[in-house]
Number of protein chains: 2
Amino acid sequence: MLSNVEIKERIESFPERCRSTGLKVTHQRVAIFNYLAGTESHPSPDEVYETIRVRLPSISLATVYKVLDQFHRQGFLRRVSTEGQVARYDARMEHHHHLICKSCGIIRDLELDPAGSHPAMPEVADFRIERSETFFHGLCNTCEDSKASLPA
Amino acid sequence: MLSNVEIKERIESFPERCRSTGLKVTHQRVAIFNYLAGTESHPSPDEVYETIRVRLPSISLATVYKVLDQFHRQGFLRRVSTEGQVARYDARMEHHHHLICKSCGIIRDLELDPAGSHPAMPEVADFRIERSETFFHGLCNTCEDSKASLPA
DNA sequence: TTAGATGCAAATCTTTTGCAGTGCG
DNA sequence: CGCACTGCAAAAGATTTGCATCTAA
């Protein structure tokens with residue numbers, strides 16, 4: 001789904017994007033951004049922390065929270081809304097949808113043809129719609145298979 | 001949007017629904033369900049608690065959490081996913097969408113013509129889609145108006 | 001009568017904040 | 001060098017849990 005070229009582009013343009021928004025390019029920010037740019041796993045702040053910590057052992061969870069929040073406000077990341085109580089981040093900013101497995105909770109990206117046009121934006125009185133996001137809930141194959149082999 | 005007849009039906013069938021799923025019909029459960037069946041405001045556990053407390057002063061917040069979770073697992077309520085960290089509940093189980101104001105956070109129900117058919121369920125490899133939910137983000141009229149009168 | 005439900009208090013989990021010290025530009 | 005950033009520790013906010021008591025059936 002994610003091409004190496006796309007990932008490389010995002011990572012290379014990061015310092016410039018920081019400068020143009022007045023953010024300093026710190027080791028912590030680079031590490032966090034690069035990790036998110038290269039993954040499709042929609043990690044939570046804690047997962048980001050545990051991953052980054054391997055290479056940057058002095059990083060703190062508070063910094064991870066602050067950086068993720070800044071990136072989100074700058075439009076570098078999107079926050080994926082879920083029913084659960086932990087935030088999940090996604091560095092793919094292009095319009096796309098999400099598949100959520102009700103059993104294991106994994107979140108997968110979903111591309112739908114005529115790019116970006118699904119669903120159409122409806123006209124609603126008394127509300128100015130700016131964007132939409134659609135979640136498809138169901139069962140991923142892994143969970144469906146393990147269910148089949150573990151009869152109730 | 002919500003007709004009195006619909007509300008009345010939901011409230012009247014509640015004891016029977018409880019019995020058929022093995023739940024006891026307690027004052028607390030009745031009060032919580034009736035409140036949610038009659039509102040369109042998608043309240044959080046704390047809002048449910050503060051509202052119910054007026055008539056049932058001895059109820060505890062922990063009970064509200066437990067009851068909401070049971071109702072959700074029984075399919076009496078849906079939990080509305082939001083970016084924030086508090087849960088929001090909705091007793092309307094029919095397929096519909098939500099408008100979320102990025103300024104005040106209000107969640108409005110949205111009905112889209114050919115009932116229930118928007119968006120169409122796509123076919124995806126390795127995933128069995130069971131339902132979809134779409135969130136439309138933007139500005140409600142109230143917030144748009146107050147923005148206009150408070151220039152940056 | 002009794003299994004299940006409630007209320008309370010304490011625990012847990014997630015996120016935010018204040019502040020002193022650090023490092024990018 | 002200066003201001004923004006980080007790390008730590010403590011606080012705040014949301015939710016869950018354990019357990020003694022109560023109550024619907």
Side-chain angles (χ1 to χ4, degrees), chain A residues 14-35 42-74 76-77 79-89 105 107, chain B residues 14-35 42-74 76-77 79-89 105 107:
Chain A
F14 176 70
E16 179 49 37
R17 296 179 73 191
C18 277
R19 280 180 219 111
S20 69
T21 49
L23 295 181
K24 289 187 175 175
V25 183
T26 65
H27 293 142
Q28 292 86 340
R29 285 179 178 159
V30 171
I32 292 171
F33 185 81
N34 288 3
Y35 168 49
H42 309 82
S44 65
D46 197 64
E47 286 160 356
V48 172
Y49 173 61
E50 292 300 339
T51 302
I52 302 301
R53 209 143 81 99
V54 174
R55 302 203 149 262
L56 233 63
S58 71
I59 198 171
S60 75
L61 182 56
T63 296
V64 172
Y65 271 99
K66 286 170 190 167
V67 169
L68 290 173
D69 185 54
Q70 286 158 345
F71 286 179
H72 178 240
R73 278 181 290 128
Q74 295 296 337
F76 293 8
L77 303 176
R79 196 138 78 193
V80 182
S81 315
T82 65
E83 288 185 2
Q85 49 289 309
V86 310
R88 302 280 220 114
Y89 291 89
I107 303 180
Chain B
F14 175 71
E16 180 49 36
R17 295 179 73 191
C18 278
R19 279 181 221 111
S20 70
T21 50
L23 295 181
K24 288 186 177 176
V25 183
T26 65
H27 294 143
Q28 292 88 337
R29 286 179 177 158
V30 171
I32 291 171
F33 185 82
N34 288 3
Y35 169 50
H42 310 81
S44 66
D46 197 66
E47 286 161 354
V48 172
Y49 173 61
E50 291 300 338
T51 302
I52 301 301
R53 210 144 79 99
V54 174
R55 303 204 147 262
L56 233 64
S58 72
I59 198 170
S60 74
L61 183 55
T63 296
V64 172
Y65 271 98
K66 287 170 190 166
V67 169
L68 290 174
D69 184 55
Q70 286 158 343
F71 285 179
H72 178 240
R73 278 182 290 129
Q74 294 297 336
F76 293 8
L77 303 176
R79 196 138 79 192
V80 181
S81 315
T82 65
E83 287 187 2
Q85 50 288 309
V86 310
R88 304 279 222 115
Y89 290 89
I107 303 178

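Worth knowing before you read on, the calculation uses all heavy atoms, side chains too, and leaves out hydrogens, waters and symmetry mates.
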Residue whose closest nucleotide on DNA chain D lies nearer the 5' end, G22(A) versus V25(B)
G22(A)
Taking the nucleotide of DNA chain D with the closest heavy atom to each, which residue, A62(B) or A62(A), is nearer the 5' end?
A62(A)
Distance check needed: [N] [atom2] versus [X] [atom1], whole Å only.
{"X": "E50(B)", "N": "dA14(D)", "atom1": "CD", "atom2": "C1'", "value": "14 Å"}
{"X": "H27(A)", "N": "dG23(C)", "atom1": "NE2", "atom2": "P", "value": "10 Å"}
{"X": "K24(A)", "N": "dT6(D)", "atom1": "NZ", "atom2": "P", "value": "10 Å"}
{"X": "R19(B)", "N": "dA3(C)", "atom1": "CZ", "atom2": "P", "value": "21 Å"}
{"X": "I59(A)", "N": "dC8(D)", "atom1": "CD1", "atom2": "C1'", "value": "14 Å"}
{"X": "E47(A)", "N": "dT15(C)", "atom1": "CD", "atom2": "C1'", "value": "16 Å"}
{"X": "Y49(A)", "N": "dC13(C)", "atom1": "OH", "atom2": "P", "value": "15 Å"}
{"X": "R73(B)", "N": "dG4(C)", "atom1": "CZ", "atom2": "C1'", "value": "13 Å"}

Which sits closer to the 5' end of DNA chain C, L56(B) or R79(A), going by the nucleotide each is nearest to?
L56(B)
I'd like to know if the side chain of [X] and the backbone of [Y] have a donor-acceptor N/O pair within less than 3.5 Å.
{"X": "R88(A)", "Y": "P43(A)", "result": "no"}
{"X": "H72(B)", "Y": "L77(B)", "result": "no"}
{"X": "T51(A)", "Y": "E47(A)", "result": "yes"}

Polar side chain donor-acceptor pair, Q70(A) to R29(A), under 3.5 angstrom:
yes
Output field: ring centroids F14(B)/F71(B) closer than 6.0 Å
yes
Choosing from dC8(C), dC5(D), dC8(D), which nucleotide comes nearest the side chain of K66(B)?
dC8(C)
Among the candidates dA9(C), dT15(C), dA25(D), find the nucleotide nearest to the side-chain atoms of A87(A).
dT15(C)
Any side-chain N or O of [X] less than 4.0 Å from the OP1 or OP2 oxygen of [N]?
{"X": "S58(A)", "N": "dG7(D)", "answer": "yes"}
{"X": "Q28(B)", "N": "dG7(C)", "answer": "yes"}
{"X": "Y65(B)", "N": "dT15(D)", "answer": "yes"}

Assign [X] to base, sugar-phosphate, or nothing according to its heavy-atom contacts below 4.0 angstrom with the strands shown.
{"X": "T63(A)", "result": "base"}
{"X": "S44(A)", "result": "nothing"}
{"X": "R29(A)", "result": "sugar-phosphate"}

